[in-house]
Amino acid sequence: NNDTEDEERLWRDLIMERVTKSADACLTAINIMTSPNMPKAVYIEDDVIERVIQYTKFHLQNTLYPQYDPVYRVDPHGGGVLSSKAKRAKCSTHKQRVIVMLYNKVCDIVSSLSELLEIQLLTDTTILQVSSMGITPFFVENVSELQLCAIKLVTAVSNF
């Protein structure tokens, strides 16, 4: 049983390391695109921007929101349905260091996306994805930094 727990912990650490490296890659790409005097040829490849948005939305919905707001958690045992107040009452406020680090990187990505919107015109489908990503944090509790970044993003979308 102890070996299984150690193996599970190592597997979880490996996954989170890859998630963190992917967040770093997204931040690097967005930082390059938002650099001053960047040639327009950099923005031709919309695929990079779309992948950054997909990555961010996925980890917001599946990793960060469940960690910060228990209402978004799925009961792995299929237990009874609890109200949102009951779920929040049972929640602990302790977060793993790697989750906090991912949260900070995602906040940076969201903020940088708002800067990118001020620099470059994006396709309508990309704008729809960005706007949905900017609105959902306002329905999640305990993500105040992300909500501030989302305000900046939604403002950039509305100016678009």
> Could you check if a side-chain atom of Thr136 sits within less than 4.5 angstrom of a side-chain atom of Val140, using non-hydrogen atoms only?
no

> Looking at every non-hydrogen atom in both residues, tell me the closest pair between Gly134 and Val154 and how far apart they are.
O-CG2, 3.5 Å

> Tell me, with the steps shown, if Val48 and Met33 meet side chain to side chain contact (heavy atoms under 4.5 Å, CB included).
CA-CA 10 Å; Val48 173; Met33 288 184 209; 3.3 Å; yes

> Among residues at least two apart in sequence or on other chains, which ones pass salt bridge (Lys or Arg N to Asp or Glu O under 4.0 Å) with Glu7?
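Glu7: no salt bridge (Lys or Arg N to Asp or Glu O under 4.0 Å) contacts found.
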
> Provide the closest heavy-atom pair for Ser131 versus Val157 in the form atom of the first, atom of the second, distance.
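Closest approach of Ser131 to Val157: CB-CG1, 4.0 Å.
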
> Are Ser132 and Lys57 close enough that a side-chain donor and a side-chain acceptor fall under 3.5 Å?
yes

> Once rounded to the nearest 0.5 Å, what's the spacing between atom CD1 of Ile49 and atom SG of Cys26?
12.0 Å

> Rounded to the nearest 0.5 Å, how far does CD of Gln120 lie from OG1 of Thr126?
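So the gap between those two atoms works out to 10.5 Å.
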
> Any non-hydrogen side-chain atom of Leu146 less than 4.5 Å from a side-chain atom of Leu60?
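Result yes, sub-4.5 Å side-chain heavy-atom pair found.
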
> Kindly state each residue pair satisfying side-chain hydrogen bond (donor to acceptor under 3.5 Å, both in side chains) with at least one member in residues 147-160, sequence neighbours excluded.
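Passing the test, one end in residues 147-160: Ser111-Lys152.
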
> Going from CG on Asp3 to CD on Glu8, what distance comes out if it is rounded to the nearest 0.5 angstrom?
12.5 Å

> Can you name the closest pair of heavy atoms from Ile30 and Ser112 and give their distance?
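Heavy atoms of Ile30 and Ser112 come nearest at CG2-CB, 2.9 Å.
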
> For a side chain to side chain contact (heavy atoms under 4.5 Å, CB included) check, start with the C-alpha distance between Tyr55 and Val19, then their side-chain angles and the critical distance, and finish with the verdict.
CA-CA 9 Å; Tyr55 172 88; Val19 168; 3.4 Å; yes

> Looking only at heavy atoms, which two atoms of Met38 and Ile32 are closest? And how far apart?
CE-O, 2.9 Å

> Specify the closest pair of heavy atoms between Ala23 and Leu102, including all atoms of both residues, with the distance to one decimal.
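Reported closest heavy-atom pair: CB-CD1, 4.0 Å.
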
> Taking C-beta and beyond as the side chain, do Ile127 and Leu117 meet within less than 4.5 Å on heavy atoms?
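Ile127 vs Leu117: side chains touch.
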
> What pairs with Asp124 under salt bridge (Lys or Arg N to Asp or Glu O under 4.0 Å), at least two apart in sequence or on another chain?
none

> Do you reckon Phe58 sits in the same ILVMFWY cluster as Ile135, going by side-chain contacts under 4.5 Å, direct or chained?
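Result: no, two separate clusters.
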
> When hydrophobic residues are tied together by side-chain contacts of less than 4.5 Å, even through go-betweens, does Ile119 share a cluster with Val42?
yes

> Kindly indicate whether the side chain of Tyr65, heavy atoms from C-beta on, has any atom under 4.5 Å from the side chain of Phe139.
no

> Are Leu128 and Ile109 in one and the same hydrophobic cluster, where Ile, Leu, Val, Met, Phe, Trp and Tyr link if side-chain heavy atoms are under 4.5 Å apart?
no

> Supply the atom-to-atom distance Gln61 CD to Thr56 OG1, rounded to the nearest 0.5 angstrom.
11.0 Å

> Could you name each residue pair satisfying ring pair (Phe, Tyr, Trp, His ring centres under 6.0 Å) that touches residues 98-117, not counting sequence neighbours?
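Every pair satisfying ring pair (Phe, Tyr, Trp, His ring centres under 6.0 Å) with a residue in residues 98-117: Tyr68-Tyr103.
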
> Under a 3.5 Å distance rule, please check whether Asn142 uses its side chain to pair with a backbone N or O of Asp69 as donor and acceptor.
no

> Search all heavy atoms of Pro66 against all heavy atoms of Arg73 and return the closest pair with its distance.
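Minimum heavy-atom separation between Pro66 and Arg73: O-NE, 2.6 Å.
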
> Examine Leu10 and Ile15 and state if one hydrophobic cluster contains both, with Ile, Leu, Val, Met, Phe, Trp and Tyr joined whenever side-chain heavy atoms are less than 4.5 Å apart.
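Shared cluster, no.
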
> Using the rule given for side chain to side chain contact (heavy atoms under 4.5 Å, CB included), can you reason through Val143 versus Leu64, listing the C-alpha separation, both sets of side-chain angles and the distance that settles it, and then say yes or no?
CA-CA 9 Å; Val143 290; Leu64 296 175; over 6 Å; no

> Does the side chain of Met133 reach to within under 4.5 Å of the side chain of Leu113, using non-hydrogen atoms?
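Yes, close enough: below the 4.5 Å cut-off.
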
> Give a yes or no on whether Met101 and Leu14 share a hydrophobic cluster (residues Ile, Leu, Val, Met, Phe, Trp, Tyr; joining criterion: side-chain heavy atoms under 4.5 Å apart).
yes

> Applying salt bridge (Lys or Arg N to Asp or Glu O under 4.0 Å), name anything that partners Asp13, two or more places apart in sequence or on another chain.
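With sequence neighbours excluded, Asp13 shows a salt bridge (Lys or Arg N to Asp or Glu O under 4.0 Å) to Arg9, given in chain and number order.
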
> What salt bridge (Lys or Arg N to Asp or Glu O under 4.0 Å) pairs are there with at least one residue in residues 21-44, not counting sequence neighbours?
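Residue pairs with at least one partner in residues 21-44: Glu17-Lys21, Asp24-Lys105.
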
> Is a side-chain donor or acceptor of Ser22 paired with a backbone partner of Arg18 at a separation under 3.5 angstrom?
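Checking the backbone N and O of Arg18 against the side chain of Ser22, a donor-acceptor pair under 3.5 Å is found.
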
